[in-house]
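Written below as structure tokens is the structure these notes are about.
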Number of protein chains: 2
Amino acid sequence: MNLTIAEENYIKSIFKLQEGTETVSTNAIAYELDTKPASVTDMAKKLKEKKLIDYEKYHGITLTAEGKKIALQIIRRHRLWECFLVDKLSFSWEEVHELAEELEHVRSEKLTTRLSDFLGNPTTDPHGDPIPDAQGKMNKIRSLQPLDKAAAKRLEVAAVNDQSTALLEFLNAKGIRLGTQIEVIERYEFDNSVEIKIKNQPAFTISEQVSKNILVRPL
Amino acid sequence: MNLTIAEENYIKSIFKLQEGTETVSTNAIAYELDTKPASVTDMAKKLKEKKLIDYEKYHGITLTAEGKKIALQIIRRHRLWECFLVDKLSFSWEEVHELAEELEHVRSEKLTTRLSDFLGNPTTDPHGDPIPDAQGKMNKIRSLQPLDKAAAKRLEVAAVNDQSTALLEFLNAKGIRLGTQIEVIERYEFDNSVEIKIKNQPAFTISEQVSKNILVRPL
DNA sequence: AATAAAGTTTAGACAAATCTAAATATTTTG
DNA sequence: CAAAATATTTAGATTTGTCTAAACTTTATT
Ligand SMILES: [Mn+2]
Ligand SMILES: [Mn+2]
Ligand SMILES: [Mn+2]
Ligand SMILES: [Mn+2]
């Protein structure tokens, strides 16, 4: 299957949007890829032709089994490159998404395998997201909850929901990274903000916007 | 300067073909890039518009100073990735050119700098070619001669002229790699073949085709 | 110097990926 | 359920990169 970079980006977005929902809408894909709905419709026809998606006019899009397999390969490459950039080249977690967005399109199974070996076959990327293995098997990390919904008082940061530089830089500034242990001091119902404390630091409050994007596991 | 991958590939080819010669011909570029002369003419107009080449209809192409600068950046990225693949991921020298052909197009100065640091700022790639530094300065591999023209009897392999898998696999089979020390036993005028000997191995003969692509320095 | 050969450019076409504006279908709402 | 709102598709352009075939220019040959 010979795919263009554009086709790969569509496949990846559809996979991402498909989590949970039945079918994915034209508008949702357009928003995700920062393009126009008309362009999505055009691409939908091409991907249907290549049997990578199921698509009926006006009735949404889903990946076929083949489409999912390809999506997982792209995600694997993306996340392995992110690991490489952080672990080997000392990039910080907010810098790597954009670069991985390009590196992920170098399609070579041998390269992917060797890169993974070189990195010690990591199972999560610098944002806490799971890395599919060579067979496309990916651990669902569903013992994770967003911080704004977590019940326990003592928690550990396991992943972030949002890769935006803005959020990640905010977390850097607050000293929050993967593995950071958090104690919930207080939850304010009024605006759903949370007062938290990190070891050796004064307590501070974070907004709902932030806390819903921090995925935690109870300690 | 925002360049497409196609534009970068043209710039790089023109740079390569420009060595020595005055101007580069449409046909030469077409052959190098495995495309058609008409396509080269089309691209020449675009690159002239962007002031990366000097070009007058029917009178050949040369890179401008800006064009050369960009070419050297691409070559730097290409050769650094080749080093990475060989030194860190254990690829062999005949496998890396194709992959580097794609990786070279990820344009990030920070990535390039960090990759270079990670590799110990190498000055030559796995084929013996010099790597331009961050300022675009590249050591001319002076004092290197093709084996078919070298005068001395005792020589060291310093680079290869041809990146083709066919040649590199042939050299692998014969135990010839960068740094290999060669003793010239005999030169046969009839077909310009050379009988050579490598330490701990029986002597063997290589054709002119091969020997002109092995660059050596006298020991 | 005239002609042949080789090299280069133009004209016109096509595929991929995108867009805007208009048309059409689906969904929501009073 | 009909009208309004929202979502989606189509029609028609545009940009980039490519091609073939024909025209043109330069160069080599007799
Ligand atoms: Mn991408
Ligand atoms: Mn990630
Ligand atoms: Mn390339
Ligand atoms: Mn090389």
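As a basis for the values below, the full set of heavy atoms in this structure was taken, side chains included, without hydrogen atoms, waters or symmetry mates. Per chain, numbering begins at 1; letters A, B, ... match sequence-line order.
Using a 3.5 Å distance cut-off with no hydrogens or angles, the side chains of A:H78 and A:D125 do not pair a donor with an acceptor. Side-chain atoms of A:Q209 and A:S207 form no donor-acceptor pair, as typed in the model, at a separation below 3.5 Å.
Note on B:S39: every side-chain N or O is 4.0 Å or more away from OP1 and OP2 of D:dT18. Contact annotation: A:Y31 does not reach the phosphate of D:dA7 (side-chain N/O to OP1 or OP2, under 4.0 Å). Between A:Y58 and C:dA23, a side-chain N or O to OP1/OP2 separation shorter than 4.0 Å is absent. Of the side-chain N and O atoms in A:T41, none sit less than 4.0 angstrom from OP1 or OP2 of D:dT10.
Nearest-nucleotide positions on DNA chain C place B:P37 closer to the 5' end than the other of A:T35 and B:P37. Each of A:G60 and B:K57 was assigned the nucleotide of DNA chain D with the nearest heavy atom; the assignment lying further toward the 5' end belongs to A:G60.
Among the heavy atoms of the strands lying under 4.0 Å from B:T26 are primed sugar atoms or P, OP1, OP2 only; no base atom is included.
Here the options are A:K12, A:R107, A:M1, the test is side-chain contact (heavy atoms from CB on, under 4.5 Å), and the partner is A:I70; only A:M1 passes.
In this entry the distance linking NZ of B:K36 with C1' of C:dC14 reads 15 Å, nearest Å. Rounded to an integer number of Å, the gap from NZ of A:K45 to C1' of D:dT9 is 7 Å. Rounded to whole Å, the distance from CG on A:N2 to P on C:dA16 is 12 Å.
Note: B:F84 and A:F84 meet the aromatic proximity criterion, with ring centroids under 6.0 Å apart.
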